[in-house]
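Here is how names work: the chains are called A, B, and so on, in the same order as the sequence lines, proteins then strands, and each is numbered from 1.
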Amino acid sequence: MAGLHELLAELDGAEAATIAPRLLGGVLSVVGADGALVRLRLTEVEAYGGAGVDPGAHSFRGPTRRNATMFGPPGRLYVYFTYGMHVCANIVVGAEGVGTGVLLRAGEVVEGLEAARARRLGARDDSELARGPARLTRALGIVLGDDGARIGQVPPDRFGFEAAPVPPQRIANGPRTGVSGPGGSDAFPWRFWLVGDPTVSPYRAHRPRAR
DNA sequence: CATTAGATCGTCT
DNA sequence: GACGATCTAATGA
């Protein structure tokens, strides 16, 4: 099993859409803001390209206050707040200044079930604990203050990742969920998931704001 | 089962 | 001032 930084070094210069599927099946370890440890096997991710390349990416129009971490060194967490109430997390995968990341959309809790359940009261089934990007951060105890944190090894770090290669035939891909405009079209089929896994979130097209 | 309304606020235009 | 890389509950078929 390779750590995140080894994997990123091996794929140096590759596009986010090439790196994203390589993260599937890998195990993300997080010591949450409340101190409890949860390990999650990634089952669904989305790749986001760099500035001027990917109209669906936060980094498309260049660096801003919010997306600064995307333009920093790879192997860090890019955590952002959205819809007035939700937190989502990415792994920065491109070189410094490029602005690429992989959104962590869903996974299977493989350790720390009790902590994850406690953080996700209301989940009807364990497969729902981290089925969706905002649910995932909640199950793992990732908070806004974790933006920019380095993903190393747990312990001693609070965040870690171990890759676990998955056969290509078990991976499917398609348009990204909830992305408006051309970035959410078939032109960017950069959502990747493990075929048939119950923790993969349902696809939802972007919905324009109601009046 | 599918579709929709409402929640709620930081960020960028 | 408009709008989200979303989620839940409620309503309709």
Legend entry - Residue-phosphate contact under 4.0 Å: A:R66 side-chain N/O, C:dG4 OP1/OP2: no
Legend entry - Output field: ring centroids A:H86/A:F81 closer than 6.0 Å: no
Inset, instruction - Check whether the side chains of A:S201 and A:E44 place a donor and an acceptor atom closer than 3.5 Å, and report yes or no. - result: yes
Legend entry - Minimum-distance nucleotide to A:R61 side chain [options: B:dG10, B:dT13, C:dA5]: B:dT13
Inset, instruction - Report which part of the nucleic acid A:G178 touches: base, sugar-phosphate, or nothing (heavy-atom distance under 4.0 Å, all strands). - result: sugar-phosphate
Inset, instruction - Indicate whether any N or O donor in one side chain lies under 3.5 Å from an N or O acceptor in the other, for A:T43 and A:T199. - result: yes
Inset, instruction - May I ask you to say what A:A210 touches in the nucleic acid, namely base, sugar-phosphate or nothing, with a heavy-atom cut-off under 4.0 Å? - result: nothing
Inset, instruction - Respond yes when some side-chain nitrogen or oxygen of A:T82 is under 4.0 Å from OP1 or OP2 of C:dA5, and no when none is. - result: no
Legend entry - Distance-only donor-acceptor test (3.5 Å): side chain A:Y80, base C:dA5: yes
Legend entry - A:R204 vs B:dT3: side-chain N/O to OP1/OP2 distance below 4.0 Å: no
Legend entry - Minimum-distance nucleotide to A:R65 side chain [options: C:dG4, C:dC7, B:dC12]: B:dC12
Inset, instruction - Give A:R207 one of three labels, base, sugar-phosphate or nothing, depending on what nucleic acid heavy atoms sit under 4.0 Å from its own. - result: base
Legend entry - A:S201 or A:S180, whichever maps to the more 5' nucleotide of DNA chain C: A:S180
Inset, instruction - Kindly say whether the aromatic ring centers of A:F159 and A:F161 come within a distance under 6.0 Å. - result: no
Legend entry - Pair of N/O donor and acceptor under 3.5 Å linking C:dG4 base with A:R209 side chain: yes
Inset, instruction - Report yes if a side-chain nitrogen or oxygen of A:H86 is closer than 4.0 Å to either non-bridging phosphate oxygen (OP1 or OP2) of C:dC7; otherwise report no. - result: no
Legend entry - Watson-Crick or G-U counterpart of C:dT8, or none if no pair lies under 3.5 Å: B:dA5
Legend entry - Minimum-distance nucleotide to A:L103 side chain [options: B:dT4, C:dA5, C:dG4]: C:dA5
Inset, instruction - Among the candidates B:dT11, C:dT8, C:dT6, find the nucleotide nearest to the side-chain atoms of A:P133. - result: C:dT6
Inset, instruction - Specify the separation, in whole Å, of atom OH of A:Y83 and atom C1' of B:dT4. - result: 14 Å
Legend entry - Single-linkage hydrophobic cluster A:W193~A:F188, side-chain heavy atoms < 4.5 angstrom: no
Legend entry - Side-chain N,O (A:H206) to OP1/OP2 (C:dA5) below 4.0 Å: no
Inset, instruction - Determine if A:Y48 stacks with C:dA5; use a centre-to-centre distance below 5.5 Å and an interplanar angle below 30° as the criteria. - result: yes
Inset, instruction - Could you check which of B:dA7, B:dC12, B:dT13 has an atom nearest any side-chain atom of A:M85? - result: B:dA7
Inset, instruction - Give A:R120 one of three labels, base, sugar-phosphate or nothing, depending on what nucleic acid heavy atoms sit under 4.0 Å from its own. - result: sugar-phosphate
Inset, instruction - Could you check how far CE of A:M70 sits from P of C:dA5, rounded to whole Å? - result: 11 Å
Inset, instruction - Assign each of A:R131 and A:P208 to its nearest nucleotide of DNA chain C by heavy atoms, then name whichever residue's nucleotide is nearer the 5' end. - result: A:P208
Inset, instruction - Test the A:R176-A:Y48 pair against the cation-pi criterion, namely NZ or CZ under 6.0 angstrom from the six-membered ring centroid and within 45° of the ring axis. - result: yes
